Amino acid sequence: MPEMDKEGKKFYVGVRQKSELFYVKGSTELDWGMKNRLARIFNPKDGKTVMLAIDHGYFQGPTSGLERIDISIMPLVLYVDTLMVTRGILRSMIPPSVIKPVVIRASGGPSILKELSDEQIAMDMEDCIRLGVCATAIQVFIGGEFESRSVINMTKLVDAGLRYGIATMAVTAVGRDMKRDAKYFRLAARICAELGANFIKTYYTEEGFETVTSSCPVPVVIAGGKKIPEMDALTMAYCAINEGAAGVDMGRNIFQSDSPLGMIQAIKAIVHDNEKPEQAYKLYESIKNSK
Ligand code: R5P
């Protein structure tokens, strides 16, 4: 017979049970599993994320800086909050002992040689669960040739994700001839959020970016875009954070830098410690020169 429990007295009668609002923008009404996954992506300390994007191979093959992910990228993983990656690279290159949350690339189809907006959903939710990912990522081509289909594909991922508690990141993909301004990203980010995306990736715009973040009811993270000088990339990250971004999902400006280790740590200092670009640049240089 099991031992009888000794009756406790710590009932705290009259002390109201805590019920906190969830800190990730627009996510208070979600279920526990989804919130828990978002809390792994967006650091509970400050609600922000340093996400390293290394999914570029899904449409452009062995991108410069990503030729050998095992050698070039693995040393950076220690400094990131989240990894954004394809399932092929996750399974073949990332040791399962890495316990960083994963945002998985779940769309694909056309290569860089074809019309990029012709993407489809390229991953089943069952495999997302098998891999233990926290969110899926899908391109949405507002204004693009296959605009409607990309929007509807996003809603399909949102529905499947809601069923299992896996968040959806909508990536606002700008066509080659389209203007990357605040007006465009306000439109694209808001459409994605209205139709259920849990967080949105846009580019930073020098003018009016704060209107993109303020009119979007869920977190916005910025992509880095093509490689620019380190100081410019750090300044862009600093401005984005101070204009309401919930973090970065940056790739080329980190892994194509002459010191990826320096850049990832400098970006981290900006996102999580609100370090000024000049100070972050000094950190980048000192890490670069310490080799
Ligand atoms: C987007 O389509 C790519 O897959 C990358 O995830 C995204 O562009 C972020 O990387 P980068 O900072 O290099 O632009």
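None of these values were measured; they are calculated from a predicted model. Note that the numbering runs from 1 along the sequence shown for the chain.
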Heavy-atom nearest pair, Ala122 first then Gly108, reads CB-N, 3.7 Å

With a distance cut-off below 6.0 Å to the six-membered ring centre and an angular limit of 45° from the axis, does Lys179 pair with Tyr184 as a cation-pi contact?
no

Side-chain ion pair, Arg130 and Asp127, N-O less than 4.0 Å
yes

Ionic contact status for Asp81 with Lys268, cut-off 4.0 Å
no

For Gly224 and Met250, which heavy atoms make the closest approach, and how far apart are they?
CA-CG, 3.7 Å

Lys201, Arg105, Arg87 screened by salt bridge (Lys or Arg N to Asp or Glu O under 4.0 Å) with Asp55, the one that passes
Arg105

Applying the side chain to side chain contact (heavy atoms under 4.5 Å, CB included) test to Val218, which of Thr168, Ile200, Leu38 qualifies?
Ile200

Do you know the tightest heavy-atom contact between Glu230 and Lys227?
OE2-NZ, 3.3 Å

Let me check something: do Met74 and Leu52 share a hydrophobic cluster, defined by ILVMFWY side-chain heavy atoms less than 4.5 Å apart, either directly or through other members?
yes

Any donor and acceptor pair, going by atom type alone, linking the side chain of Ser257 with main-chain N or O of Asn253 inside 3.5 Å?
no

Shortest non-hydrogen contact from Ile264 to Val50?
CD1-CG1, 4.0 Å

Looking at Thr28 and Lys35, what are the two nearest heavy atoms and their distance?
O-NZ, 2.8 Å

To the nearest 0.5 Å, what is the distance between OH (Tyr284) and NZ (Lys288)?
3.5 Å

Considering all heavy atoms, the nearest Met93-Asp70 contact
SD-N, 3.8 Å

Give me the one residue out of Val24, Val248, Val271, Val221 that meets side chain to side chain contact (heavy atoms under 4.5 Å, CB included) with Thr49.
Val221

Answer with yes or no whether the hydrophobic clustering places Met34 together with Met125; edges join I, L, V, M, F, W, Y residues whose side-chain heavy atoms lie under 4.5 Å apart.
yes

Tell me, do Phe199 and Ile41 make a side-chain contact under 4.5 Å, heavy atoms counted?
yes

Can you check side-chain hydrogen bond (donor to acceptor under 3.5 Å, both in side chains) on Glu207 and Thr205, steps first, answer last?
CA-CA 5 Å; Glu207 279 176 29; Thr205 60; over 6 Å; no

For this output row, return yes or no: ring centroids of Phe209 and Phe185 closer than 6.0 angstrom.
no

Output yes when Lys48 and Asp46 qualify as a salt bridge under the 4.0 Å nitrogen-oxygen rule, no when they do not.
no

Without hydrogens or angle criteria, can the side chains of Glu119 and Tyr58 be said to hold a donor-acceptor pair below 3.5 Å?
yes

Can you get from Val103 to Ile121 by hopping between Ile, Leu, Val, Met, Phe, Trp and Tyr side chains that sit under 4.5 Å apart?
yes

Euclidean distance, Ile54 CD1 relative to Thr86 OG1, rounded to 0.5 Å
7.5 Å

Would you check if Phe255 and His56 make a side-chain contact, meaning some heavy-atom pair closer than 4.5 Å?
yes

For the hydrophobic clusters of this structure (ILVMFWY residues joined by side-chain heavy atoms under 4.5 Å, transitively), does one cluster hold both Leu78 and Met84?
yes

